[in-house]
Amino acid sequence: MEIASFSVLVILLGGISLVGGQADNCGANRNAVLPVGYSNITLVCLPIWNNLILRYSLNEDNVLTIVLSMLYTSGWVGMGFSKDGMMVGSSAMVGWIGNTGRPHIKQFYLRGQSSSQVLADQGQLPAAGNSPAVVQNGPNIYMAFQLKFLSRITRQKLLFAFGTATPVNDRLTKHEDKISVSFDFSSSTFSASSYPYQLKRTHGILNIIGWGVILPIGAIVARYFRTSNPLWFYLHSAIQFIGFILGLAGVVAGIALYHKLHASVSSHRALGILILVLGILQVLALFLRPEKDYKLRKYWNWYHWWVGRLVLFLAVVNIFVGIHVGSAGDSWKIGYGFNLGLLLLATIILEFLLWTRWSKKTANAPTF
């Protein structure tokens, strides 16, 4: 596996409360407190974030030596590698001091964001050289390990985060905060950038409300409230216009999010593009709507009805796809699923009332 082509995802979780003693720094000679096998390696030292210190070395054999240190009271420290710069799908080396004082270090595979999806003793990191190790010296924890890459690595994306809970039975708790860093191992420079969580949330909310809530309501108005003519038409047009604008804003937010993350979400993007194109065609069709007595009006109606239904169906599918690939969690699935259930229930009830009204009209029709 070409690990060298991966973006590096660093996840650091640990207690960062200030405690008695001196915090680690690059000006101090810390070789004596580094784990066994790492004190004799010449390491480049850089302060990264808060009190986090990164020491590293990359030799001619493409062996990367990493030593991470930070103020520590409890929690865990880790570093992982991701194909797309995101936590989900990455492999990580994680270290901590247990409640009994015993040091732990394991590789984890981050299949999802919940604790149950962070799997111990799994992953694809190519360990090499010295054995991974964790030590605590005074208020600081040091985690060290070595990886051997197939080719030389240069600029990589790193993500730092922190938390305070000590793992029990190899179950990791969720971080409390994090920051992403683009790190260049060849020049020892990095630039920090925050992960676009708000943009990601905005993308999801706008698309759910626009495509998944308002547009279905507009379709319900068009089908079941035609007796209130022409009020139903103006309501339908206004509701669909609002839903389309919100959905379009969600698509724009999604494009901006993709340019920031370059995530591999081809199915979600393809469905989104198809839905947007069909939605635009629906809007344009409004301006090409024939008069009622025109012979093409029947075919226009068929087109408008079935393309509209296809858009709503694909939107529901893509919302669930987006929740899945974005690792938004079960709360988003349950929330939108509940909303979808209410819309379906309302549709069933209104459809029953509609057919009941039609059947009464048929029964009461005069005979000649």
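Note that the structure is predicted; figures quoted are calculated from it, not measured.
In this structure, Gln240 and Gly218 approach most closely via the heavy-atom pair OE1-CA, 3.0 Å. Of all the heavy atoms in Ser91 and Gly123, the pair that sits closest is OG-CA, 3.4 Å. Leu34 approaches Tyr38 most closely through the heavy-atom pair CD1-O, 3.9 Å. Closest heavy-atom contact between Leu125 and Gln107: N-OE1, 2.7 Å. Taking each heavy atom of Asn25 and Arg55 in turn, the nearest pair found is O-NH2, 3.4 Å. Contact detail for His268 and Gly322: the closest heavy-atom pair is CE1-CA, 3.4 Å.
The CD1 atom of Ile319 lies 8.5 Å from the CG atom of Leu340; values are rounded to the nearest 0.5 Å. Rounding to the nearest 0.5 angstrom, the gap separating the CG atom in Leu58 from the CG atom in Leu147 is 11.0 Å. In this structure, CG in Leu46 is found 11.0 Å from CG in Leu43, a value given to the nearest 0.5 Å. Taking CZ from Phe185 and OG from Ser57, the interatomic distance works out to 11.0 Å, rounded to the nearest 0.5 Å. Remark: Lys292 NZ to Arg297 CZ distance equals 6.5 Å, nearest 0.5 Å. Atom CG of Asn207 is separated from atom OG1 of Thr202 by 10.5 Å, given to the nearest 0.5 angstrom.
Heavy atoms from other residues, nucleotides or ligands lying under 6.0 Å from NE2 of His324 number 12 at most. The 12-atom threshold is not exceeded at CZ of Arg201, counting heavy atoms of other residues, nucleotides or ligands nearer than 6.0 Å.
Here the side chains of Val251 and Trp211 are in contact, with some heavy-atom distance below 4.5 Å. Put simply, the side chain of Thr173 does not reach to within 4.5 Å of the side chain of Pro167, judged on heavy atoms. Contact of the Lys298 side chain with the Asn301 side chain is not registered, since no non-hydrogen atoms from C-beta on lie closer than 4.5 Å. A heavy-atom distance below 4.5 Å is not found between the side chains of Val135 and Ile141. Side chains of Ile334 and Ser331 form no contact here, defined as non-hydrogen atoms less than 4.5 Å apart. Side-chain contact between Val134 and Tyr142 is absent, with no heavy-atom pair separated by less than 4.5 Å. The shortest side-chain heavy-atom distance between Val307 and Gln282 falls under the 4.5 Å cut-off. Ile214 is not listed as a side-chain neighbour of Phe244, based on a closest heavy-atom distance of 4.5 Å or more.
Side-chain atoms of Arg152 come within 3.5 Å of backbone atoms of Asn59 as a donor-acceptor pair (strictly under, hydrogens ignored). Listed for the Asn169 side chain is no donor-acceptor partner under 3.5 Å among the backbone atoms of Arg171. Within the 3.5 Å criterion, the main-chain N or O of Gly129 finds no donor-acceptor partner in the side chain of Lys148. Arg226 contributes a side-chain N or O that, together with a main-chain N or O of Ala222, makes up a donor-acceptor pair within less than 3.5 Å. The main-chain N or O of Arg289 is never found under 3.5 Å from a side-chain atom of Tyr294 such that the two would form a donor-acceptor pair. No side-chain donor-acceptor contact under 3.5 Å links Tyr299 to the backbone of Trp302. Of the possible polar contacts, one joining the Asn130 side chain to the Gly37 backbone as a donor-acceptor pair under 3.5 Å is found. Ser115 places a side-chain N or O within 3.5 Å of a backbone atom of Leu172 that can act as its donor or acceptor partner. Under the 3.5 Å distance criterion, the side-chain polar atoms of Ser74 are matched with a main-chain donor or acceptor of Thr164.
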Table please: side-chain donor-acceptor pairs of residues 60-71 below 3.5 Å, with sequence neighbours left out.
from	atom 1	to	atom 2	distance (Å)
Thr65	OG1	Gln146	NE2	2.8
Ser69	OG	Asp24	OD2	2.5

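Not less than 6.0 angstrom separates the ring centroid of Trp300 from the ring centroid of Tyr303.
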Before giving the answer on ring pair (Phe, Tyr, Trp, His ring centres under 6.0 Å), spell out for Phe183 and Tyr56 the whole-Å C-alpha distance, their side-chain angles and the decisive distance to 0.1 Å.
CA-CA 12 Å; Phe183 193 91; Tyr56 78 93; 5.5 Å; yes

Ile105 vs Val94, side chain to side chain contact (heavy atoms under 4.5 Å, CB included): CA-CA, chis, key distance, verdict:
CA-CA 5 Å; Ile105 184 166; Val94 179; over 6 Å; no

Given the rule in the side chain to side chain contact (heavy atoms under 4.5 Å, CB included) test, do Asn318 and Ile275 qualify, once you have shown the distances and angles that lead to the verdict?
CA-CA 9 Å; Asn318 206 29; Ile275 292 167; 3.8 Å; yes

Can you check side chain to side chain contact (heavy atoms under 4.5 Å, CB included) on Trp306 and Val311, steps first, answer last?
CA-CA 9 Å; Trp306 289 107; Val311 168; over 6 Å; no

Go through Val118 and Arg111 one step at a time and tell me if the side chain to side chain contact (heavy atoms under 4.5 Å, CB included) criterion holds.
CA-CA 6 Å; Val118 179; Arg111 189 173 64 186; over 6 Å; no

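Ile245 and Val213 fall into different hydrophobic clusters, defined by Ile, Leu, Val, Met, Phe, Trp and Tyr side-chain heavy atoms under 4.5 Å apart, directly or through other members. The hydrophobic cluster containing Leu310 does not contain Leu286, counting ILVMFWY residues as joined when their side-chain heavy atoms lie under 4.5 angstrom apart, directly or transitively. In the hydrophobic cluster analysis, where Ile, Leu, Val, Met, Phe, Trp and Tyr join through side-chain heavy atoms closer than 4.5 angstrom, Val325 is grouped apart from Tyr336. Following chains of ILVMFWY side-chain contacts shorter than 4.5 Å, one cannot reach Ile239 starting from Leu215, and the two form parts of different hydrophobic clusters. No path of Ile, Leu, Val, Met, Phe, Trp and Tyr side chains, each step under 4.5 Å between heavy atoms, connects Val316 with Ile273, placing them in separate hydrophobic clusters.
Residues satisfying the side chain to side chain donor-acceptor pair (under 3.5 Å) criterion with Gln122, sequence neighbours excluded, are absent altogether.
Between Trp96 and His104, the angle of the ring planes stays under 30°, which puts this pair in the parallel group of the 30/60° scheme.
Side-chain contact, Gln124 with Tyr109: no donor N or O sits under 3.5 Å from an acceptor N or O.
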